[in-house]
There are 2 protein chains.
Amino acid sequence: MTRPPDEATIEQIAEKARSRYQTAEEMVTSAIREAVLAGVYQPGERLPQEQLGAALGVSRIPVRAALRQLEAEGLVVLEPHRGATVRVLEAADIDEIYQLRILLETFMIRSVISLVTAEEIDELESIAADLDHLDEGPGWLALRERFYERLYAFAKRPLTAELIGKLRADVGRYWLGLRLVDHEAGGHGVIVEAIRKRDPEAAEAWLTEHLTEVSSELQRRVAERNPQ
Amino acid sequence: MTRPPDEATIEQIAEKARSRYQTAEEMVTSAIREAVLAGVYQPGERLPQEQLGAALGVSRIPVRAALRQLEAEGLVVLEPHRGATVRVLEAADIDEIYQLRILLETFMIRSVISLVTAEEIDELESIAADLDHLDEGPGWLALRERFYERLYAFAKRPLTAELIGKLRADVGRYWLGLRLVDHEAGGHGVIVEAIRKRDPEAAEAWLTEHLTEVSSELQRRVAERNPQ
DNA sequence: TGGATTCAGATTGTATCCAATATACAAGAG
DNA sequence: CTCTTGTATATTGGATACAATCTGAATCCA
């Protein structure tokens, strides 16, 4: 069985073809999610089904399914006969979400520290290093996303990891234009170091401080945008 | 696969729900949810859209919307072009969910203790007393639901309370036929007492012990039903 | 004036129909 | 006999069409 050495395999071709989504629902869900996270639609803004469908080249049926899913993720709010709007987070919501994240993520980091292998720590360190000498931008944010995704995967708690991801997405769209505190602060090397030393207190402290700082900043910005 | 000893059909559940909801989507969502929680559909069982729609007197469109929502709640699993099945929880899933509940509920009880008023404690005590001299059954379960709903409402953390509710629903359908441990143990008066004394350690300890016990029991039952 | 009301337009909710995909089973090749 | 391949059937995905509901502005009446 001879095989062309450096040509693409059928699996690779198939994967590329499959990366364009299987169903319209998936494509539409992903598109609307990205649009909301990118700030194309602002908090409180309406999301008319007809318009979204026209923009994406589908009917309202897959749009409705997508909106239901995004409602579950906490990004939009659906009201009967009144349609969907981008969910508005008040300062109290942001406060609560970040308190939840602190609780969950400090819990998770303990699992990570007790389960992660040396090779996996190397992988984290490599990503952290890239983060440190890359400039801010979409690529940086994607890499940061990957860092935490890998980090929490090592905890072997898939449901908890998924939950944390949802909470992060909920507040993600309020990050727009926020100066990335941890980037300036020298960043993710700190927590990788704590993990390598198997020091849960240090890791928890870093996470708590970091999340608290971001939470305060976001709450301040929301409060000054909606002055009572 | 024996069906659980309850006489409920999806039609009967639908009849009860029909008047309460504005749209068919809401009614169908509620009906399927209750049917799954009541064990009418067992874990792993398929949920054909056509059959559900026929049973509930609607087309497949609202059924599909309902299934999407229930997927978000964690009760069913949707796969493209393959339809919906009742989500199957392995022992590891139950373990993780209960660990999450312990983390979240012990966190919540501290908020409750620092915010709850004397009158609110009286209300809880009244419900707990009713729970103690009522017999097990649907009414008892509903009252128990109400106890925790009220309890966690006092924490002023609506998102966290909602999350706990979802996690409880996720595992709720595995309770079928489980002897109610806390009921035998004399029950909810203990935690009310701890709240009245503003003793978070005692409240946390009771919650942790109770949840751990139920978790072990459920995991044991799941494991012996699906022997490796 | 001001409040309720009515009536159009816009938007969402649902049913029906058709297309796309998966599943099960039969038939054929090796 | 086993594995593949073709085909029929069932089920899901999606588009169109129509019904129900909301919104807002003009109108009516006190």
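Per chain, numbering begins at 1; letters A, B, ... match sequence-line order.
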Self-check item: A/Arg157 side chain to A/Tyr152 backbone, donor-acceptor under 3.5 Å
Solution: no
Quiz item: Atom CD of A/Glu50 and atom C1' of D/dA15: how far apart are they, to the nearest Å?
Solution: 12 Å
Practice problem: Could you tell me whether the phosphate oxygens of C/dG13, OP1 or OP2, come under 4.0 Å of any side-chain nitrogen or oxygen in A/Gln49? | Solution: yes
Practice problem: Give a yes/no on whether any side-chain N or O of A/Arg60 is located under 4.0 angstrom from OP1 or OP2 of D/dA15. | Solution: no
Quiz item: A/Ser216 side chain to A/Thr212 main-chain N or O, any donor-acceptor pair under 3.5 Å?
Solution: yes
Exercise. Starting at atom CZ of A/Arg68, determine the distance to atom P of C/dT12, rounded to an integer number of angstrom.
Key: 13 Å
Quiz item: Under 3.5 Å, is there an N or O donor on one side and an acceptor on the other linking the side chain of A/Arg64 and the base of D/dG14?
Solution: no
Quiz item: A/Gln51 has an atom CD; how far is it from atom C1' of C/dT11, in whole Å?
Solution: 12 Å
Quiz item: Is A/Arg220 paired with A/Glu224 through a side-chain N to carboxylate O contact shorter than 4.0 Å?
Solution: no
Quiz item: From the list D/dA15, D/dG13, C/dA15, which nucleotide is the closest neighbour of the side chain of A/Pro62?
Solution: D/dA15
Practice problem: Using heavy atoms to find the nearest nucleotide of DNA chain D for A/Glu25 and A/Arg82 separately, return the residue whose nucleotide is more 5′. | Solution: A/Glu25
Self-check item: Given DNA chain C, 5'-ward residue of the pair B/Ser59 and B/Arg46, judged by closest heavy atom
Solution: B/Ser59
Exercise. With B/Arg33 as reference, evaluate B/Glu73, B/Glu26, B/Glu71 under the salt bridge (charged side-chain N to carboxylate O under 4.0 Å, His left out) test and give the passing residue.
Key: B/Glu73
Quiz item: Among the nucleotides C/dA15, C/dA22, D/dC22, which one has an atom lying closest to any side-chain atom of A/His81?
Solution: D/dC22
Quiz item: Does the distance from a Lys or Arg side-chain N to an Asp or Glu carboxylate O, for A/Arg146 and A/Glu149, drop under 4.0 Å?
Solution: no
Quiz item: What integer distance in Å separates A/Glu79:CD from D/dT23:C1'?
Solution: 14 Å
Exercise. May I have the distance from B/Ile61 (atom CD1) to D/dC18 (atom P), rounded to whole angstrom?
Key: 16 Å
Quiz item: How long is the line joining CG of A/Leu52 and C1' of C/dT12, in whole Å?
Solution: 13 Å
Quiz item: Between atom OH in B/Tyr21 and atom P in C/dT12, what is the gap in whole Å?
Solution: 23 Å
